[in-house]
Asks: 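Structure below; questions to follow.
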Amino acid sequence: SPQQQYNLNVSGGFQDAKYFVSLGYLNQDGAYELGDIFNEFSANPNFKRYNIRTNFDFNVTKKLTLSIKAGTDLTNSNYSSLQSIDQNYI
């Protein structure tokens, strides 16, 4: 099945602080041919994901480092099942 994936990473800093930021995108389509039977329904699966991750490190003192790490993702998917098909076609 066709798939697209993109990632962007940026990092840097200076003596007392460092950072890292990562952005990602994934799009994966199914391998089915779309037909004319179902005008409002697609049996072709699809999955999309957007994600972000960040890390920040701060040297507060010579013996103390403060680290902040965060990340999240947003997904959108379409997977068919027999329950979503009109019973007149079965």
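Just so we're clear, the structure is a prediction, and the values are computed from it rather than from any experiment. Residue numbers run from 1 in the order of the sequence given.
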Asks: Answer whether the closest heavy-atom distance between the side chains of Y25 and Q4 falls below 4.5 Å.
Replies: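 Heavy-atom side-chain distance check passes, below 4.5 Å.
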Asks: Side-chain heavy atoms under 4.5 angstrom apart, residues restricted to Ile, Leu, Val, Met, Phe, Trp, Tyr: same cluster for I52 and L8?
Replies: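 Linked, I52 and L8 end up in one cluster.
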Asks: For the NZ atom of K69 and the CZ atom of R53, what is their distance to the nearest 0.5 Å?
Replies: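 If I round to the nearest 0.5 Å, the distance is 7.0 Å.
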Asks: Evaluate the side-chain proximity of Q3 to L26: yes if any heavy-atom separation is below 4.5 Å, no if none is.
Replies: yes
Asks: For the pair F56 and Y19, name the ring-plane relationship: parallel under 30°, tilted 30 to 60°, perpendicular over 60°.
Replies: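 Rings of F56 and Y19: tilted, 30 to 60°.
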Asks: Is L23 linked to Y6 within one hydrophobic cluster, defined over Ile, Leu, Val, Met, Phe, Trp and Tyr using a side-chain heavy-atom separation of less than 4.5 Å?
Replies: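 No.
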Asks: Determine whether T75 and Y50 make a side-chain contact, defined as any pair of heavy atoms from C-beta on separated by less than 4.5 Å.
Replies: no
Asks: To the nearest 0.5 Å, tell me how far F14 CZ sits from N59 CG.
Replies: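 One finds 9.5 Å between CZ of F14 and CG of N59.
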Asks: Is there a side-chain contact between L66 and L64 (heavy atoms, below 4.5 Å)?
Replies: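 Of all side-chain heavy-atom pairs linking L64 with L66, none is under 4.5 Å.
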Asks: If you measure only the distance, is there a donor-acceptor pair under 3.5 Å linking the side chains of T65 and D57?
Replies: no
Asks: To the nearest 0.5 Å, how far apart are CG in N46 and OG in S77?
Replies: 8.0 Å
Asks: Applying a strict under-4.5 Å side-chain criterion to I, L, V, M, F, W and Y, I'd like to know whether F58 and V10 cluster together.
Replies: yes
Asks: Output yes when a side-chain donor or acceptor of N76 lies under 3.5 Å from a complementary backbone atom of F47, and no otherwise.
Replies: no
Asks: Can you tell me how far the OG atom of S22 sits from the CG atom of N55, to the nearest 0.5 Å?
Replies: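 S22 OG to N55 CG: 9.0 Å, rounded to 0.5 Å.
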